**Student:** 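Would you mind keeping the following structure in view while I ask a few things?
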Amino acid sequence: MYKFYCRVYQGVFKIASSFLNWKKPELISGNESVGKVSDIVKSKGISKVLIVTGKTIMSLNLHKNLLDSLENNGIECFIYNGTRPNPTIENIEQAKQMYINNKCEAFIAFGGGSQMDCAKIAAARVVRPKRAVQDMRGLFKVGKKLPLFIAIPTTAGTGSETTIAAVVTNPETHEKYPINDLNLIPDYAILDPNLTIGLPPQLTATTGMDALTHAVEAYIGKSNTKETEENAEKAVKMIFANLENAYKDGNNIIAREQMLLASYYAGIAFTRAYVGYIHAIAHSLGGMYGISHGLANAVIMPHVLEYFGESAHKRLSKLSDCIGLTKGKSEKEKSEAFIAQIKAMNSAMNIPNKFDQIKQEDIPLLAQRAIKEGNPLYPVPKILNKKDFIKIIESLMA
């Protein structure tokens, strides 16, 4: 009965989703495209902006061209750089207060997924001052248009520049959870490959595998549309063709640009078709142990795909065909070849296949939190219960 309830919930939601306004951010891509941000802001008659970023990005001076361009056009900039990996409620409230205190009129999220998530939820708090972050957890609880929001990723992976999702961590409970609302989709996505040049190899690897997880989970789920399938396939092809090149040669501008676009396409795919249990478990581990989201997804992905077994064979075999794998003829063999290719790419980029942080006594709580996120919403190939989640998490222990 529980599985039936989950499928009915997902089916109803898929039908209802077809009536929603799934806007896409206006895409501006290419070398030096970050310089166009000031023109966008100026055209809106805005004179004060809040840039949400992080200390590492500022230490690398990645924001200099953006800042110079804005200030040269008479736009006053305020910078919140306190965002932590896995942003906290405190980060969000600090950014929101800086925006209000300085009478800003737009948000510019500059960085990786953490910076974009922090900026998104801070913007939601600005338009929903009486609604706490915890009260926006889940689906469609923002419900108001955000101020002008421009997303500028400096990593290629999260897809947050195009999605309805933002993730927050509560350090008191060690819980990590998503907030999903159509209003969180940015107005503009600026994909400038120059900003990702020199990104450390390991961060290139894990954020790239994050993008692959988005595309794969969207594709194998049961809420696809023709557009989400096309975007997921496009992203998977681009990632397998370019990620290792970007990892090995951080100055490969073509690979960097292709990875940014792949992340964008994967983001469009999972915004509409949703993710699945890989993400649910990754969020649970990230909240409990502070494991970065991209690394968590990379390690967890092959474990969950194998656990799905036959229920995912047909869709995974199609992805195997997409990337030109010739090993195997049956759906099962092709599926196994695709999972093997994921493992091989992880290994080539020095991504481990287990975690040494997981404690046996934490596993029931980790499983329960993953279930709470995953069911009944995520339209996965196979509905799993707590025992299944426990087995998967145990398989992740070093």
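Any value given below was found using the heavy atoms of this structure, including those in side chains, with hydrogens, waters and symmetry copies removed. Since the structure is predicted, the reported quantities are computational estimates derived from the model, not experimental observations.
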**Student:** Side-chain contact test, heavy atoms from C-beta onward, threshold under 4.5 Å: evaluate it for L285 versus I300 and give yes or no.
**Tutor:**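 In contact.
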**Student:** Can you tell me if T196 uses its side chain to pair, donor with acceptor, with the backbone of P193 under 3.5 Å?
**Tutor:**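 Yes, T196 side chain to P193 backbone: donor-acceptor pair under 3.5 Å.
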**Student:** Is the side chain of N91 donor-acceptor paired with the backbone N or O of R84 at a distance under 3.5 Å, no angle test?
**Tutor:**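 The answer is yes, because a donor-acceptor pair under 3.5 Å joins these two groups.
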**Student:** Assess the residue pair L396 and V299 against the criterion (side-chain contact (heavy atoms from CB on, under 4.5 Å)); give the C-alpha distance rounded to whole Å, side-chain angles, the decisive distance to 0.1 Å, and a yes or no.
**Tutor:** CA-CA 8 Å; L396 295 167; V299 176; 4.2 Å; yes
**Student:** So, Q10 and S223: side-chain donor and acceptor under 3.5 Å apart, yes or no?
**Tutor:**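 Not at all, the side chains of Q10 and S223 share no donor-acceptor pair under 3.5 Å.
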**Student:** Decide salt bridge (charged side-chain N to carboxylate O under 4.0 Å, His left out) for K96 and E93; before the verdict, give the C-alpha distance in whole Å, the side-chain angles of both, and the deciding distance to 0.1 Å.
**Tutor:** CA-CA 5 Å; K96 179 207 80 169; E93 293 301 320; 3.4 Å; yes
**Student:** Do the side-chain N and O atoms of Y80 and Q94 include a donor-acceptor pair separated by under 3.5 angstrom?
**Tutor:**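 On atom types as modelled, these side chains qualify, holding a pair under 3.5 Å.
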**Student:** Has N102 got a side-chain atom pairing as donor or acceptor with C104's backbone, closer than 3.5 angstrom?
**Tutor:**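 The answer is no, because no donor-acceptor pair under 3.5 Å joins these two groups.
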**Student:** With sequence neighbours excluded, tell me which residues meet salt bridge (charged side-chain N to carboxylate O under 4.0 Å, His left out) with D321.
**Tutor:**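 Listed in chain order: K334.
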**Student:** Grab the two heavy atoms, one from E161 and one from P186, that are nearest each other, plus how far apart they are.
**Tutor:**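 Closest heavy-atom pair between E161 and P186: O-CG, 3.3 Å.
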**Student:** For atom NZ of K48, is the number of surrounding heavy atoms from other residues, nucleotides or ligands below 6.0 Å larger than 12?
**Tutor:**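 Counting neighbours around NZ of K48, more than 12 heavy atoms of other residues, nucleotides or ligands fall under 6.0 Å, so yes.
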**Student:** Listed by chain and number, what are the side chain to side chain contact (heavy atoms under 4.5 Å, CB included) partners of T213, not counting sequence neighbours?
**Tutor:**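 Testing T213 for side chain to side chain contact (heavy atoms under 4.5 Å, CB included), a comparison that skips the adjacent residues, returns E217, I278, H279, N297, M301.
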**Student:** Check whether more than 12 heavy atoms from other residues, nucleotides or ligands sit under 6.0 Å from atom NZ of K386, and answer yes or no.
**Tutor:**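 Enclosed: over 12 neighbouring heavy atoms sit under 6.0 Å from NZ of K386.
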**Student:** If you take all heavy atoms of W22 and T271, which pair is closest and at what distance?
**Tutor:**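 The pair with the smallest heavy-atom distance is CZ3-O, 3.2 Å.
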**Student:** Does I254 CD1 have over 12 foreign heavy atoms under 6.0 Å away?
**Tutor:**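 Check fails, neighbour count at 12 or below.
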**Student:** In Å, rounded to the nearest 0.5 Å, how long is the span from CZ of R315 to CD1 of I220?
**Tutor:**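 So the CZ of R315 and the CD1 of I220 are separated by 9.0 Å.
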**Student:** Which atom pair, heavy atoms only, marks the closest approach of I351 to L295?
**Tutor:**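 Between these two residues, the closest heavy atoms are CG2-CD1, 4.0 Å.
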**Student:** Applying the side chain to side chain contact (heavy atoms under 4.5 Å, CB included) test to I51, which of L67, I57, I152, N81 qualifies?
**Tutor:**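 Looking at L67, I57, I152, N81, the match for I51 under the side chain to side chain contact (heavy atoms under 4.5 Å, CB included) is L67.
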**Student:** For the atom pair OG1 (T228) and CD (E233), what is the distance rounded to the nearest 0.5 Å?
**Tutor:**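 The distance works out to 9.5 Å.
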**Student:** Minimum heavy-atom separation for P87 and S114, please, with both atom names.
**Tutor:**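 Looks like CG-O, 3.5 Å.
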**Student:** Verify the distance criterion only: is there a donor paired with an acceptor across the side chains of H174 and N170 at less than 3.5 Å?
**Tutor:**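 No donor-acceptor contact under 3.5 Å links the two side chains.
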**Student:** Side chains of T53 and H63: any donor to acceptor distance under 3.5 Å?
**Tutor:**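 No, because no side-chain N or O of H63 sits under 3.5 Å from a partner of the opposite role on T53.
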**Student:** Could you walk me through whether K329 and S317 pass the side-chain contact (heavy atoms from CB on, under 4.5 Å) check?
**Tutor:** CA-CA 9 Å; K329 295 182 179 179; S317 71; over 6 Å; no
**Student:** Taking all non-hydrogen atoms of both residues, which atom of E244 and which atom of A348 are closest, and how far apart?
**Tutor:**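 Residues E244 and A348, closest heavy atoms: OE1-CB, 3.5 Å.
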**Student:** In chain order, what residues pass the salt bridge (charged side-chain N to carboxylate O under 4.0 Å, His left out) check against K176, with sequence neighbours excluded?
**Tutor:**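 So K176 forms no salt bridge (charged side-chain N to carboxylate O under 4.0 Å, His left out) with any residue.
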**Student:** If we only count heavy atoms from C-beta on, is the I190 to L195 side-chain gap below 4.5 Å?
**Tutor:**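 Not in contact.
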**Student:** So K64 and N61, do their side chains get closer than 4.5 Å, heavy atoms only?
**Tutor:**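 A side-chain contact under 4.5 Å exists here.
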**Student:** Side chain of Q202, backbone of M349: donor and acceptor closer than 3.5 Å?
**Tutor:**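 Yes; at least one donor-acceptor contact below 3.5 Å.
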**Student:** Do F355 and Y289 have their ring centres less than 6.0 Å from each other?
**Tutor:**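 They do not qualify: ring centres at least 6.0 Å apart.
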**Student:** Mind checking what makes salt bridge (charged side-chain N to carboxylate O under 4.0 Å, His left out) contact with D187, not counting sequence neighbours?
**Tutor:**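 Per chain and number, D187 pairs via salt bridge (charged side-chain N to carboxylate O under 4.0 Å, His left out) with K23, K145.
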**Student:** Using a distance-only test with no angle check, is there a side-chain donor-acceptor pair under 3.5 angstrom linking S29 and D192?
**Tutor:**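 D192 and S29 do not have a side-chain donor-acceptor pair below 3.5 Å.
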**Student:** With a 4.5 Å limit on heavy-atom distance, are the side chains of Y188 and L148 in contact?
**Tutor:**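 They are in contact (side-chain heavy atoms under 4.5 Å apart), so the answer is yes.
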**Student:** Considering all heavy atoms of both residues, which atom of L365 and which atom of M288 are nearest to each other, and what is their separation?
**Tutor:**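 Closest approach of L365 to M288: CD2-CE, 3.7 Å.
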**Student:** Give every residue pair that meets the side chain to side chain donor-acceptor pair (under 3.5 Å) criterion with at least one member in residues 345-358, sequence neighbours excluded.
**Tutor:**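 Of all non-adjacent pairs touching residues 345-358, those that pass side chain to side chain donor-acceptor pair (under 3.5 Å) are Y247-N350.
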**Student:** Do K120 and T163 pair up side chain to side chain, a donor and an acceptor below 3.5 Å, judged on atom types alone?
**Tutor:**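 The answer is yes; a qualifying pair exists.
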**Student:** Tell me every residue that passes salt bridge (charged side-chain N to carboxylate O under 4.0 Å, His left out) with E394, counting only those two or more places apart in sequence or in another chain.
**Tutor:**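 Partners of E394 under the salt bridge (charged side-chain N to carboxylate O under 4.0 Å, His left out) test: none.
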**Student:** Salt-bridged, E227 to K24, with N to O below 4.0 Å?
**Tutor:**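 Counted as a salt bridge, because a side-chain N and a carboxylate O are separated by less than 4.0 Å.
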**Student:** Does anything in residues 134-144 pair up under side chain to side chain donor-acceptor pair (under 3.5 Å), and if so which pairs, sequence neighbours excluded?
**Tutor:**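 Every side chain to side chain donor-acceptor pair (under 3.5 Å) pair that includes a residue of residues 134-144, provided the two are not neighbours, is R137-E175.
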**Student:** Excluding sequence neighbours, so at least two apart, what forms side chain to side chain contact (heavy atoms under 4.5 Å, CB included) with K130?
**Tutor:**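 K130: no side chain to side chain contact (heavy atoms under 4.5 Å, CB included) contacts found.
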**Student:** Please examine the side chains of F389 and S284, heavy atoms only from C-beta on, and report whether any two atoms are closer than 4.5 Å.
**Tutor:**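 S284 vs F389: side chains apart.
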**Student:** Rounded to the nearest 0.5 Å, what separation is found between the CD1 atom of I383 and the NZ atom of K222?
**Tutor:**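 Taking CD1 in I383 and NZ in K222, the distance rounds to 9.0 Å.
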**Student:** Counting only pairs under 3.5 Å, give me each side-chain donor-acceptor contact of residues 375-382, with atom names and distances, residues two or more places apart or in other chains.
**Tutor:**
{"unit_1": "N375", "atom_1": "OD1", "unit_2": "Y277", "atom_2": "OH", "d": "2.6"}
{"unit_1": "N375", "atom_1": "ND2", "unit_2": "Y2", "atom_2": "OH", "d": "3.4"}
{"unit_1": "N375", "atom_1": "ND2", "unit_2": "L384", "atom_2": "O", "d": "3.2"}
{"unit_1": "Y378", "atom_1": "OH", "unit_2": "E373", "atom_2": "OE2", "d": "2.6"}

**Student:** Show, in sequence, the C-alpha distance, side-chain angles and deciding distance for E76 and S47, and conclude whether the side-chain contact (heavy atoms from CB on, under 4.5 Å) test is met.
**Tutor:** CA-CA 6 Å; E76 193 172 0; S47 59; over 6 Å; no
**Student:** Side chains of Y219 and N224: is there a donor and an acceptor less than 3.5 Å apart?
**Tutor:**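 No, no side-chain donor-acceptor contact under 3.5 Å.
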**Student:** Would you please name every residue forming a side chain to side chain donor-acceptor pair (under 3.5 Å) with T204, sequence neighbours left out?
**Tutor:**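 Side chain to side chain donor-acceptor pair (under 3.5 Å) list for T204, sorted by chain: R256.
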**Student:** Taking only residues two or more places apart in sequence, or in another chain, which ones meet A124 in a side chain to side chain contact (heavy atoms under 4.5 Å, CB included)?
**Tutor:**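 Checked A124 against side chain to side chain contact (heavy atoms under 4.5 Å, CB included); matches are M136, V142, L146, L184.
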**Student:** If we only count heavy atoms from C-beta on, is the T173 to R369 side-chain gap below 4.5 Å?
**Tutor:**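 SC-SC contact between T173 and R369 confirmed.
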**Student:** Side-chain contact, heavy-atom cut-off 4.5 Å: S69 with V37?
**Tutor:**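 Sidechains of V37 and S69: no contact.
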**Student:** Check side chain to side chain contact (heavy atoms under 4.5 Å, CB included) between A109 and all other residues, then give those that pass, not counting sequence neighbours.
**Tutor:**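 For A109, the residues satisfying side chain to side chain contact (heavy atoms under 4.5 Å, CB included) (neighbours in sequence not counted) are M116, A119, F149.
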**Student:** Test salt bridge (charged side-chain N to carboxylate O under 4.0 Å, His left out) on K332 and E336; report intermediate values, then the result.
**Tutor:** CA-CA 6 Å; K332 181 177 184 292; E336 290 172 347; 2.6 Å; yes
**Student:** Have N73 and S38 got a donor and an acceptor in their side chains that come within less than 3.5 Å?
**Tutor:**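 Result is yes, a qualifying pair exists.
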**Student:** Side chains of V216 and L305: closer than 4.5 Å at any heavy-atom pair?
**Tutor:**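 They are in contact (side-chain heavy atoms under 4.5 Å apart), so the answer is yes.
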